[in-house]
Amino acid sequence: MKQRIYIGVAWPYANSPLHLGHIAGAYLPADIFARFMRMQGHDVLMASGSDMHGTPITLRADKEGVLPSVIAERYHEDFVRAFAGLGISFDIFTKTTTENHTQVAQKIFLDLYEKGYIYKDRVLQPYCATCRRFLPDRYVEGTCPHCNDKGARGDQCDNCGKPLNSQELKDLRCTICGLTPAFTESEHFFLKLSAFNQELIGWIDDKTYFRSNVYAFTKKYLEMGLKDRAITRDIAWGIPVPLPGYEEKRLYVWFEAVIGYLSASMQWAKEKGDEKAWQPYWQDINTRSYYFIGKDNIPFHTIIWPAMLMGKGNLILPYNVPANEYLTIEGRKLSSSRNWAVWAPDYLLHYQPDPLRYLLSINMPESSDTDFSWREFVRRNNDELVATYGNLVQRTLTFIYKKFNGTVPSSGQLNAESLELIADAQVSMSKVADAIACCSFREGIREAMALAAKANRYLEATSPWKLIKEEEEAAASALYTALAVLNALKIIFYPFLPHSSQKLHEFLGGSGLIEEQSWSLEMPVSSAPLREPSVLFTKLDESIIDEEIKRMG
RNA sequence: CGCGGGGUGGAGCAGUGGUAGCUCGUCGGGCUCAUAACCCGAAGGCCAGGGGUUCGAAUCCUCUCCCCGCUACCA
């Protein structure tokens, strides 16, 4: 049955390049899922874009003396290049500064406002006279009224975990200049999250198939009770509030950026020349929407965005939010400011995308934080990708190429071992499919690699290089069987390693894009031509470990 | 009593009630089609520790210890 699937992927903040954390956290799992679903014949729309607004971008622009848009555009283009290099197959990757997004965001704002889900309220807001600006919550520090910890921020106290607002803090100070701000009244718009509390509890209740951390976190959050949140700010960079008298205010990023999931779909439809094409992805209740994000984004995708969708009405709620945990680098938390990170553009200058995709897939932070180390990268590449999978392909194809004229050997009468291996390949195909379908990517790629290892064992046991001297037909039959397994491998590795699967597809005589193949085992056709193979993956020298580590930090 | 994640052979990890597994590394052997790749065998773990539940626990409960996040950039 053909399923329609919408895949939303976290919108990267356009203020620094993409790093491995982004890729392992959201983009790679989303891409694996999308490629798999497309190959299964499902109808997929995968969308994302750059989050161009927000304070960090403004701060950086101030520092460099340029407009915020300059910074945002620079990184947006950088993202587009990195995604292309890594093979992240978005159907659309746009940005929040488009006319389209601005209009959609403003329209939703107005709609929720008219329905009473957004209301005005006057708030006392800390204003720093020295810095001449209103201070967002996290720019205010003080003493927690609950536990007396001195490092509490305007939004919450990290010591006791209690949510706060700036007015509750004692000994208030501005984190920029350290002086005491004064409270000034300002009018803001609030999203009435409290109105959706019950409905959200009902919605999350049957989402037991969610990853346990996502489910538990959301449930607890909802049971503690939702508080309405301000969704406008007194800043200049962002989407204007579309009401007269509020020209100086902007929509706050977390309200506006999530709307990008919807506006990007509309943009995709427009570019496709069918303005209504987005509707089935958002309005058909049989469509399943998935949101791939990092764990810090959970509340925005399981609470705020669903609440907004409920308020807007006639839009489907998330079907699943497979949030990943974090990736550490060489055992330490990554930090862009300390350059303790591996940058995607930088990686792509030196290495192929598939080895990285392999490591991040097989060691994906699905259920707990995992570590990326260059030693592990080299090891996985050399000992697993090259030695197990790559070498299987190489030994099979070069042998056939030399001894069978570069054509598929005749299958002859397949013996019991051969039939068993082919059956195993079929089982692997469905196991990998099941694993990916429930977002267990690690399990999926492990199974794929296990099949490659099994094929190596089969070759060892049948030893066609010996058979060919006495019983050429038996050798042909064994190699035919190995080719059948390669046909399975190119498919089941495809979602994870699209570049090498495409290459293998071509070695095996296939034409066109492997993506157009279906998720099924195609038996080779005897005497069909193969193409001259070259290596699928290359070994990496151990010396890169120290070099790469030296370049960080 | 702040919250959360985690502690499984040398390394990285899987395993959530029923004889402790995977990949790599190490040692020994085989093979020679293949990117010194492949295959077989072996050594190596009282599953952080104490207590409890159970016929039976790495797996459930409880306590203790240790590590990592929860602070700016940041999935």
Side-chain angles (χ1 to χ4, degrees), chain A residues 9-13 15-16 18-30 55-57 59-60 138-139 141 144 146-147 149 151 153 156-162 175 212-213 216-217 220 292-298 323-328 331-341 359 362-363 365 367-373 375-376 379-380 382-388 390-403 442-443 446 449-450 452-453 455-468 475 478-479 482 533-540:
Chain A
V9 199
W11 288 51
Y13 231 158
N15 76 331
S16 68
L18 225 51
H19 55 61
L20 258 44
H22 295 104
I23 297 157
Y27 306 106
L28 179 60
T55 332
I57 291 167
L59 293 178
R60 178 150 195 160
R138 60 178 192 168
Y139 283 87
E141 231 174 45
C144 175
H146 304 288
C147 69
D149 183 79
R153 283 172 301 146
Q156 74 163 35
C157 170
D158 289 317
N159 189 48
C160 67
K162 290 206 169 95
T175 56
S212 59
N213 56 341
F217 181 89
K220 196 178 130 195
F292 287 86
I293 58 168
K295 64 177 165 186
D296 57 334
N297 258 328
I298 293 172
N324 270 351
E325 304 286 315
Y326 281 156
L327 188 74
T328 54
R332 278 165 45 193
K333 189 195 168 195
L334 71 79
S335 161
S336 20
S337 59
R338 283 194 298 243
N339 197 33
W340 196 252
L359 174 54
I362 204 154
N363 202 24
S367 54
S368 63
D369 293 356
T370 58
D371 186 52
F372 172 93
S373 71
R375 176 163 297 283
E376 183 74 355
R379 188 190 74 67
R380 292 272 191 192
N382 291 358
D383 298 338
E384 297 182 16
L385 263 191
V386 173
T388 303
N391 187 52
L392 169 71
V393 171
Q394 182 74 359
R395 70 197 300 208
T396 305
L397 293 180
T398 53
F399 195 72
I400 292 174
Y401 210 80
K402 277 189 240 165
K403 306 286 183 180
R442 295 221 288 194
E443 197 185 325
R446 268 159 219 253
M449 199 44 100
N456 273 323
R457 262 174 259 136
Y458 168 85
L459 282 181
E460 196 64 32
T462 52
S463 301
W465 50 90
K466 283 181 190 162
L467 289 176
I468 196 143
L479 290 164
S534 58
V535 294
L536 218 45
F537 306 101
T538 43
K539 284 194 96 172
L540 292 169

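Lettering of chains follows the sequences in order, A, B, ..., and the numbering in each one begins at 1. Everything quoted here is computed from the prediction, not taken from an experiment.
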May I ask which nucleotide in the shown strands pairs with [N], Watson-Crick or G-U wobble, both distances under 3.5 Å?
N: B:A72; value: none
N: B:G10; value: B:C24
N: B:A48; value: B:U64

Problem - Trace of the salt bridge (Lys or Arg N to Asp or Glu O under 4.0 Å) decision for A:E460 with A:R457 - result: CA-CA 5 Å; A:E460 196 64 32; A:R457 262 174 259 136; over 6 Å; no
Practice task
With sequence neighbours excluded, tell me which residues meet salt bridge (charged side-chain N to carboxylate O under 4.0 Å, His left out) with A:R60.
Solution key: A:E64
With a 4.0 Å cut-off on heavy atoms, is [X] in touch with a base, just the backbone sugar-phosphate, or nothing at all?
X: A:Y326; answer: base
X: A:A387; answer: sugar-phosphate
X: A:L459; answer: nothing
X: A:R375; answer: nothing
X: A:I293; answer: sugar-phosphate
X: A:F537; answer: base
X: A:N382; answer: nothing
X: A:S335; answer: base
X: A:L327; answer: base
X: A:R332; answer: nothing

Starting at [atom1] of [X] and ending at [atom2] of [N], how long is that distance when rounded to a whole Å?
X: A:D371; N: B:A14; atom1: CG; atom2: C1'; result: 17 Å
X: A:K333; N: B:A75; atom1: NZ; atom2: C1'; result: 12 Å
X: A:D296; N: B:G4; atom1: CG; atom2: P; result: 18 Å
X: A:L385; N: B:U35; atom1: CG; atom2: C1'; result: 13 Å
X: A:E325; N: B:C3; atom1: CD; atom2: P; result: 18 Å
X: A:N456; N: B:U35; atom1: CG; atom2: P; result: 13 Å
X: A:I57; N: B:C73; atom1: CD1; atom2: P; result: 12 Å
X: A:I298; N: B:A75; atom1: CD1; atom2: C1'; result: 11 Å

Could you measure between the two [atom1] atoms, the one in [N] and the one in [M], and give it in whole Å?
N: B:G51; M: B:A75; atom1: C1'; value: 41 Å
N: B:C38; M: B:C24; atom1: P; value: 8 Å
N: B:A58; M: B:G18; atom1: C1'; value: 13 Å
N: B:G6; M: B:C61; atom1: P; value: 13 Å
N: B:G69; M: B:C31; atom1: C1'; value: 49 Å
N: B:G50; M: B:C66; atom1: C1'; value: 15 Å
N: B:A20; M: B:G9; atom1: P; value: 15 Å
N: B:U8; M: B:U59; atom1: C1'; value: 11 Å

What heavy-atom pair brings [X] and [Y] nearest, and what distance separates the two atoms?
X: A:Y27; Y: A:P12; answer: OH-CD, 3.1 Å
X: A:E384; Y: A:I362; answer: OE1-CD1, 4.2 Å
X: A:G390; Y: A:F537; answer: CA-CD1, 4.0 Å

Fill in the blank from the handout: For A:S367, the side chain to side chain contact (heavy atoms under 4.5 Å, CB included) test, sequence neighbours excluded, returns none
Problem - Those residues that, when tested against A:Y326, pass side chain to side chain contact (heavy atoms under 4.5 Å, CB included) (two or more places apart) - result: A:K295, A:D296, A:D369
Considering only side-chain heavy atoms of [X], which listed nucleotide, [options], is closest?
X: A:S368; options: B:G5, B:G12, B:A75; value: B:G5
X: A:A26; options: B:A75, B:C39, B:A34; value: B:A75
X: A:N297; options: B:C70, B:C13, B:A75; value: B:A75
X: A:R395; options: B:A34, B:C74, B:G12; value: B:A34
X: A:K402; options: B:C13, B:G12, B:C33; value: B:C33

Can you check nucleotides 27-31 of chain B for protein contacts, nitrogen or oxygen pairs under 3.5 Å, and list what you find?
| residue | atom | partner | partner atom | Å |
| --- | --- | --- | --- | --- |
| B:G30 | N2 | A:E460 | OE2 | 3.0 |

Any donor-acceptor N/O pair, [X] side chain to [Y] backbone, under 3.5 Å:
X: A:D371; Y: A:G331; answer: yes
X: A:R380; Y: A:L385; answer: no
X: A:S336; Y: A:N339; answer: no

Short side-chain N/O contact from [X] to OP1 or OP2 of [N], under 4.0 Å:
X: A:R442; N: B:C13; result: no
X: A:N15; N: B:C74; result: yes
X: A:K295; N: B:G4; result: no
X: A:K403; N: B:C33; result: no

Handout entry: First encountered from the 5' end of RNA chain B, between A:I23 and A:T398
Key = A:T398
Handout entry: Earlier contact from the 5' end, RNA chain B, for A:K539 and A:D369
Key = A:D369
Problem - Crowding at CZ, A:R375 (>12 non-hydrogen neighbours, <6.0 Å) - result: no
Return all side-chain donor-acceptor pairs below 3.5 angstrom for residues 392-402 of chain A, not counting sequence neighbours, or 'none' if the list is empty.
| residue | atom | partner | partner atom | Å |
| --- | --- | --- | --- | --- |
| A:R395 | NH1 | A:N456 | OD1 | 2.9 |
| A:T396 | OG1 | A:L392 | O | 2.7 |
| A:T398 | OG1 | A:Q394 | O | 2.6 |

Tabulated below should be each protein N or O lying under 3.5 Å from an N or O of nucleotides 23-25 of chain B; please produce it.
| residue | atom | partner | partner atom | Å |
| --- | --- | --- | --- | --- |
| B:U23 | O2' | A:E384 | OE2 | 2.3 |
| B:C24 | O4' | A:R379 | NH1 | 3.0 |
| B:C24 | O3' | A:D383 | OD2 | 3.1 |

Handout entry: N/O donor-acceptor pair, side chain A:N391 with base B:A37, under 3.5 angstrom
Key = no
Problem - Nearest-0.5 Å distance that lies between atom CG in A:N297 and atom CH2 in A:W11 - result: 13.0 Å
